[in-house]
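Given the structure is predicted, the values throughout are model-derived calculations rather than measurements.
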Amino acid sequence: MKKIITSAVLVLLLGSCSKEKGCFQVAYNAYIQEEKICDIKKSELENNASANNGFVFRASEARFCWKITFSNGQDGYRKNLPESVVKHFFSGNGVSYSRVSCSTFCSWKVLIRQRSKITGLYNPTLTRQEFFLGAAADTCSTLFKGREVVLRETADSLITVIYQEENS
């Protein structure tokens with residue numbers, strides 16, 4: 001009798017909990033917002049996110065690396081995206097995608113600095129993206145935030161690349 005009552009109470013408690021509640025994240029244009037939003041129904045969050053063209057997904061979804069081939073034949077690579085986000089933003093319009101090993105590519109935000117050897121002063125710094133793919137991806141394992149590499153040296157200047165952050 002005690003087991004039946006305990007089982008009935010447990011069923012009522014579990015039945016009253018919404019399976020829809022949990023921790024979620026929002027992606028805009030396939031870029032995931034870091035903030036996790038918990039203890040809210042997915043449908044409530046979707047109402048707010050969809051107004052801003054966002055896509056809501058469970059924060060616990062498995063994440064992978066992807067090769068995305070656009071309709072013009074160009075390839076793009078993305079890290080740390082759940083399949084639901086990739087499907088939502090990259091399905092249709094001649095775009096295809098496939099899961100790839102994360103060690104096959106990396107992308108870094110870098111600063112390019114030129115210092116005059118004569119005055120010691122720096123020219124304006126440029127910011128750009130460095131992308132390593134395939135055999136060049138072996139370089140990824142040697143990079144870290146703050147690493148400075150000499151790009152070119154002339155008689156009167158030194159041009160260096162400073163690795164700022166790896167992009168996902």
Over 12 non-hydrogen atoms of neighbours within 6.0 angstrom of [atom1] in [X]:
X: Lys36; atom1: NZ; answer: no
X: Gln74; atom1: CD; answer: no
X: Asp39; atom1: CG; answer: no

Value rounded to 0.5 Å, distance of [atom1] in [X] from [atom2] in [Y]:
X: Phe24; Y: Ser60; atom1: CZ; atom2: OG; result: 8.5 Å
X: Ile162; Y: Thr127; atom1: CD1; atom2: OG1; result: 10.0 Å
X: Arg115; Y: Ile159; atom1: CZ; atom2: CD1; result: 11.5 Å
X: Phe55; Y: Lys87; atom1: CZ; atom2: NZ; result: 10.0 Å
X: Arg78; Y: Tyr31; atom1: CZ; atom2: OH; result: 4.5 Å

Test item: side-chain donor near acceptor, Ser84 and Glu61, under 3.5 Å: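 There is such a pair (donor and acceptor under 3.5 Å, judged by atom type) between the side chains of Ser84 and Glu61.
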Check: Thr154/Ser157 side-chain N/O donor and acceptor closer than 3.5 Å: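 Note: Thr154 and Ser157 side chains meet the donor-acceptor criterion.
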CA sep, side-chain torsions, deciding dist, call: Phe70, Asp75, side chain to side chain contact (heavy atoms under 4.5 Å, CB included): CA-CA 6 Å; Phe70 296 95; Asp75 292 331; over 6 Å; no
Atom of Thr142, atom of Phe144 and distance for their closest heavy-atom approach: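 Minimum heavy-atom separation between Thr142 and Phe144: O-CD2, 3.7 Å.
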Determine, for [X] against [Y], whether the closest basic-nitrogen to carboxylate-oxygen distance falls under 4.0 angstrom.
X: Lys42; Y: Glu44; result: no
X: Glu166; Y: Lys79; result: yes
X: Lys117; Y: Asp156; result: no
X: Arg63; Y: Glu83; result: no
X: Arg113; Y: Glu148; result: yes

Got [X] and [Y] here, is their nearest side-chain heavy-atom distance under 4.5 Å?
X: Phe57; Y: Gln25; answer: yes
X: Asn80; Y: Cys102; answer: no
X: Thr160; Y: Val149; answer: no
X: Tyr97; Y: Ser91; answer: yes
X: Gln114; Y: Leu158; answer: no

Residue pair Phe132, Leu143: steps toward the side chain to side chain contact (heavy atoms under 4.5 Å, CB included) verdict: CA-CA 11 Å; Phe132 302 98; Leu143 300 176; 3.7 Å; yes
Tyr163-Leu111 co-clustered via ILVMFWY side chain contacts under 4.5 Å: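 They do not share one cluster, since no chain of ILVMFWY contacts under 4.5 Å joins Tyr163 to Leu111.
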Same apolar cluster: Ile112 and Trp108, side chain cutoff 4.5 Å: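 Yes, same cluster.
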Test of ring centre spacing under 6.0 Å for Tyr77 and Phe105: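 For Tyr77 and Phe105, the ring centres are under 6.0 Å apart.
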